[in-house]
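Side chains are part of it too, since the values below use all heavy atoms of this structure and drop only hydrogens, waters and symmetry mates. Here is the naming used below: chain letters follow the sequence lines, and residue numbers restart at 1 for every chain.
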There are 2 protein chains.
Amino acid sequence: MNDRSSVLLVADTGRGNEAAILNAALAAFGAQGFNGASMRDVAKRAGTSLSNLYNYFPSKSHLLAEVLRHANTELEARVRRAVADAGDDATSRMREAVRAYVGFVVDQQLAMLVSTAEVRYLQGEDRARLVADRDRTQAIFGAIVEQGVAHGEFRTPHAADAARAILSMVNAVATWYRPDGRLSRGQLAEQHARYALALLEAPLPHV
Amino acid sequence: MNDRSSVLLVADTGRGNEAAILNAALAAFGAQGFNGASMRDVAKRAGTSLSNLYNYFPSKSHLLAEVLRHANTELEARVRRAVADAGDDATSRMREAVRAYVGFVVDQQLAMLVSTAEVRYLQGEDRARLVADRDRTQAIFGAIVEQGVAHGEFRTPHAADAARAILSMVNAVATWYRPDGRLSRGQLAEQHARYALALLEAPLPHV
DNA sequence: AACATGCAAGAACGTTCGTTCGTGCCGCCG
DNA sequence: CGGCGGCACGAACGAACGTTCTTGCATGTT
């Protein structure tokens, strides 16, 4: 058994019902959107009272920010680990980075959906911090592209936007993936790794 | 002059303030999201009264549906026209389809953002009709991929999901494109056409 | 002249929203 | 033992929401 899709985004935080509230908020925002879900919905899903939410988070916005922070942190850690464990050439590193990213999208599909769709409802430093998180993860891919182009592994003439194109593609997996679909988690990851390397115009074996 | 980006999505419909209301709704939903924008916001942007909106549309949902219908119709028409005017080979057809699609994303950036982000707040037949619109446009790309694979132009081993990957990539352009950015409208379109053909593992000239 | 129709506006209704307040319980530290 | 901070709850507040109601004014048709 390795049913990663049923793992909650936030494990126990050592603070009463905090983890339950965060996971409930993720579910509520994912199902109805940030503005469509109410704090009463979140409380109901978490099995606690409306007013108790404010013992943990000062506002609805901060609650969303905290959910997204957990998602971004875990995503970045997974990608960074995968790249560190990969070989030294850009092709291997890109393949492992994409595989890890797609793996996270599959494991935490709802978190990825909320992360991309609801960030816009945050403002000020909460927003800035999350955008910085996202940019840091994107920069990992950007660096691999640069390395591959410098070493001649990637022959795309449009290196500057390639990382963004690849990440757009894998982010969108969250919008259509279904656990009972045609492809397994691993196949999906491997397939998107090939899409990415092909987009970069890296040499690939054809059958 | 060819400033396509300032063209309103909906031209005069021959029914009083209908076009103004639709364009105002697009602006409001784009800026605040469907649930974040109020009918009062829409009325203010359209320069009319709150209650008058209901002389044109029976509900907020129907208003959103009508906005999205205009966007989808125009997008599909542009892509279909581009493919019809292209050569017979899959490579030319895919290039022109992507160029037309990216062109629309640039020209009607807000409409594309709202179209992908807010469709989820519709239900019933409004939702079904818009999903069918989107699927029809996606099917154009799917057919080109099939043709290219059948004729040996595209050598990707993962043809079934390639169209979706390409469309994810070009849809995301709406999330980051800025008119004063590094690339012109035409360069952006051409670049993404190459990304698409590379992803499909079509033969490409390397410098 | 009488009437229907389409478009416009202001006021109001009932509901839901995010947030606050007051209170109480429980475990820990002095 | 006493106090204090963390966690829990129900009730309430003021604001904002989508929608409806009523009225009024044009225009074009009978």
Undergrad: Which whole-number value in Å describes the distance from Leu53(B) CG to dT20(D) P?
TA: 13 Å
Undergrad: Round to a whole Å and report the spacing from CG of Leu64(B) to P of dT19(D).
TA: 12 Å
Undergrad: If you check the Arg15(B) side chain, which of dA8(C), dC7(C), dC7(D) turns out closest?
TA: dC7(C)
Undergrad: Keeping to residues at least two apart or across chains, list the ring-ring contact (aromatic ring centres under 6.0 Å, His included) pairs with something in residues 77-119 of chain B.
TA: Tyr101(B)-Phe141(B)
Undergrad: Checking Asn52(A) against Ser49(A): is there a side-chain donor and acceptor pair closer than 3.5 Å?
TA: no
Undergrad: Side chain of Asn55(B): nearest nucleotide among dG18(D), dA8(D), dA8(C)?
TA: dA8(C)
Undergrad: Please determine whether salt bridge (Lys or Arg N to Asp or Glu O under 4.0 Å) holds for the pair Arg120(B) and Glu118(A), giving the CA-CA distance in whole Å, both sets of side-chain angles, and the decisive distance to 0.1 Å.
TA: CA-CA 13 Å; Arg120(B) 64 197 286 249; Glu118(A) 318 291 347; 3.4 Å; yes
Undergrad: I'd like to know if the side chain of Arg164(B) pairs up with that of Gln138(B) as donor and acceptor (distance under 3.5 Å, no hydrogens or angles considered).
TA: no
Undergrad: Of the nucleotides dT19(D), dA8(C), dC7(D), which has the atom closest to the Ser59(B) side chain?
TA: dT19(D)
Undergrad: Between dT19(D), dA9(C), dA8(C), which nucleotide has the shortest distance from any of its atoms to the side chain of Tyr54(B)?
TA: dT19(D)
Undergrad: With distance as the sole criterion, is a donor-acceptor pair present between the side chains of His70(A) and Thr73(A) under 3.5 Å?
TA: no
Undergrad: When you compare the side chains of Asp89(B) and Ser92(B), does any donor N or O come within less than 3.5 Å of an acceptor on the partner?
TA: yes
Undergrad: Please classify the nucleic acid contact of Ala37(A) as base, sugar-phosphate, or nothing, using heavy-atom distances under 4.0 Å.
TA: sugar-phosphate
Undergrad: Please report the distance, rounded to the nearest Å, between CG in Asn17(B) and P in dA26(D).
TA: 17 Å
Undergrad: Could you check Asp41(A) against Lys44(A) for salt bridge (Lys or Arg N to Asp or Glu O under 4.0 Å), going step by step and ending with a plain yes or no?
TA: CA-CA 5 Å; Asp41(A) 292 333; Lys44(A) 201 160 293 178; 5.9 Å; no
Undergrad: If I take atom OH in residue Tyr56(A) and atom C1' in nucleotide dT19(C), what distance separates them, rounded to the nearest angstrom?
TA: 18 Å
Undergrad: Please report, rounded to the nearest Å, how far the P atom of dC17(C) is from the CZ atom of Phe34(A).
TA: 13 Å
Undergrad: Asn35(A) CG to dA16(D) C1': how many Å, rounded?
TA: 12 Å
Undergrad: Taking NZ from Lys60(A) and P from dT20(C), how many angstroms apart are they, rounded to a whole number?
TA: 15 Å
Undergrad: In whole Å, what is the span from the CD1 atom of Ile21(B) to the P atom of dG18(D)?
TA: 15 Å
Undergrad: Just the table, please: protein N/O against nucleotides 10-13 of chain C N/O, every pair under 3.5 Å.
TA:
residue: dG10(C); atom: N7; partner: Ser51(B); partner atom: OG; Å: 3.3
residue: dG10(C); atom: O6; partner: Ser51(B); partner atom: OG; Å: 2.6

